[in-house]
Student: 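After the structure tokens below, expect a handful of questions from me.
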Amino acid sequence: MAGGWHIGVIGGSGLSSVTGLEEAQEIPVASAFGDPSGPVTMGRIGDVRFTFIARHGAGHRIPPSDVNYRANIDVLKRCGVTDVLALSAIGSLREELQPGQFVAVDQFIDRTLGRERSYFGEGIVAHVDLADPVCPRLAALAADAAQAAGATVHRGGCYVAIEGPQFSTRAESRMYRAWGADVIGMTAMPEARLAREAELPYAVLGMVTDYDSWREGEGGVEVDAILAVMKANVALAQRTLAKLAASLPKKRRPSPIDRA
């Protein structure tokens, strides 16, 4: 409906589908930028339309470096979404950001390499403002929803995006802490850049799974431990989407990002 919300959800590690979608339809959507990670699932929660895409594809088969971020954002735009919420697993670089808790990120440091990071080039040049890469309205709504769903939520935080698929060395992890990064992940860049170019307000709700490798006297990141925390968080993430749908204002006011 005119003036309504249509939330695009990008599900990261451990979140390959959305439960509770009414009138759900799985639809393959083509992109001019190549193949997206997979089909989208469109439906609604209450009166709010949602379109979901699994960032790593069915069965978590696509590593972070091989995700076609341009196609994923493009197909969400083609589906008519108004705002994009990314749900992602992250590592913590701060003692107070504990595994099992959520972080509504508001800044990024991009350390990715060789990924397609713009829709523009080859004769079409555009420059967008990325000083504040996250939509504050959407981030606040998502944080409120996660809190209402029962999560411990930290509002604000700097996400350092690394290439992966390996986790950080201890020296890198300590360096990122010294730079002022709070959490670490492999997928929010160039996703946030592309969402801004596509004039889509974007927010990341990160689910902390581990402490990366900066803590003295502890082992490095263990995948088994990460998977256990992610499994515990999936139901919480699903409840967050339901709370978000219930809490959105009936009318969506225009955002400056809509015309970035």
Side-chain angles (χ1 to χ4, degrees), residues 5-45 48-90 112 114-119 138 142 159 161-165 185-207 209 223 226-227 230-231 233-242 244-245:
W5 298 85
H6 182 172
I7 305 298
V9 177
I10 301 175
S13 299
L15 197 72
S16 59
S17 63
V18 173
T19 59
L21 270 185
E22 301 172 62
E23 301 174 3
Q25 290 182 292
E26 187 176 276
I27 304 168
V29 181
S31 168
F33 298 93
D35 294 328
S37 295
V40 301
T41 301
M42 304 182 74
R44 59 182 177 83
I45 300 175
V48 181
R49 288 179 296 165
F50 280 80
T51 294
F52 176 88
I53 188 166
R55 185 189 287 117
H56 299 285
H60 198 88
R61 71 186 192 283
I62 307 171
S65 298
D66 293 342
V67 171
N68 189 339
Y69 297 94
R70 293 200 300 177
N72 286 353
I73 294 292
D74 180 47
V75 297
L76 291 177
K77 182 78 172 180
R78 289 170 186 265
C79 289
V81 307
T82 58
D83 302 77
V84 175
L85 176 63
L87 299 172
S88 303
I90 53 174
T112 62
R115 302 181 184 185
E116 293 284 359
R117 49 200 279 152
S118 177
Y119 289 112
L138 183 62
Y159 175 127
I162 65 171
E163 185 64 26
M186 301 178 188
T187 56
M189 283 292 183
E191 206 169 74
R193 297 181 183 280
L194 295 165
R196 183 58 55 88
E197 285 191 348
E199 299 180 317
L200 289 172
Y202 175 88
V204 176
L205 199 56
M207 300 175 282
T209 58
V223 173
I226 289 177
L227 292 175
M230 284 195 310
K231 185 175 181 181
N233 270 349
V234 166
L236 195 49
Q238 302 278 13
R239 290 200 302 273
T240 294
L241 294 179
L244 176 63

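Keep in mind that the numbers below use all heavy atoms, side chains included, and drop hydrogens, waters and symmetry copies. Residue numbers run from 1 in the order of the sequence given.
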Student: Using side-chain heavy atoms (C-beta onward) and a distance below 4.5 Å, is Tyr69 in contact with Pro64?
Tutor: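 In contact.
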Student: What are the two closest heavy atoms between Phe50 and Ala245, and how far apart are they?
Tutor: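 Shortest heavy-atom separation between Phe50 and Ala245 comes out as CE1-CB, 3.8 Å.
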Student: So how far is it from Arg49 CZ to Met42 CE, rounded to the nearest 0.5 Å?
Tutor: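 It comes to 7.0 Å.
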Student: Keeping the roles fixed (side chain from Tyr202, backbone from Arg196), state whether a donor-acceptor pair exists under 3.5 Å.
Tutor: no
Student: Has the side chain of Tyr119 got a donor or acceptor atom that lies under 3.5 Å from a matching backbone atom of Glu197?
Tutor: no
Student: Without swapping roles, check the side chain of Asp83 against the backbone of Trp5 for a donor-acceptor pair under 3.5 Å.
Tutor: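 Between the backbone of Trp5 and the side chain of Asp83 there is no qualifying donor-acceptor contact (under 3.5 Å).
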Student: Check each of Leu205, Leu21, Val9, Ile7 against Leu241 using the side-chain contact (heavy atoms from CB on, under 4.5 Å) test, and report the only one that passes.
Tutor: Val9
Student: Between Cys79 and Val29, what is the shortest heavy-atom contact and its length?
Tutor: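 Reported closest heavy-atom pair: SG-CG2, 3.9 Å.
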Student: Would you find a donor on one side and an acceptor on the other, under 3.5 Å apart, between the side chain of His56 and the backbone of Arg61?
Tutor: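 The answer is no, because no donor-acceptor pair under 3.5 Å joins these two groups.
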Student: Inspect the surroundings of CD in Glu163 and state if more than 12 heavy atoms from other residues, nucleotides or ligands are less than 6.0 Å away.
Tutor: yes
Student: List the atom of Pro36, the atom of Val75, and the distance in Å for their closest heavy-atom pair.
Tutor: CG-CG1, 4.0 Å
Student: Evaluate the criterion side-chain contact (heavy atoms from CB on, under 4.5 Å) for residue pair Leu85 and Leu244; output intermediate values, then yes/no.
Tutor: CA-CA 11 Å; Leu85 176 63; Leu244 176 63; 4.0 Å; yes
Student: Given Glu191, which of Ile10, Asn72, Val84, Val67 fulfils the side-chain contact (heavy atoms from CB on, under 4.5 Å) condition?
Tutor: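 So, applying the side-chain contact (heavy atoms from CB on, under 4.5 Å) to Glu191 and each of Ile10, Asn72, Val84, Val67, only Ile10 qualifies.
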Student: What distance separates Tyr159 OH from Met189 CE, expressed to the nearest 0.5 Å?
Tutor: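 Answer for the OH-CE pair, Tyr159 versus Met189, is 9.5 Å.
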Student: Any donor-acceptor pair under 3.5 Å linking the side-chain atoms of Arg117 with those of Thr112?
Tutor: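 Not at all, the side chains of Thr112 and Arg117 share no donor-acceptor pair under 3.5 Å.
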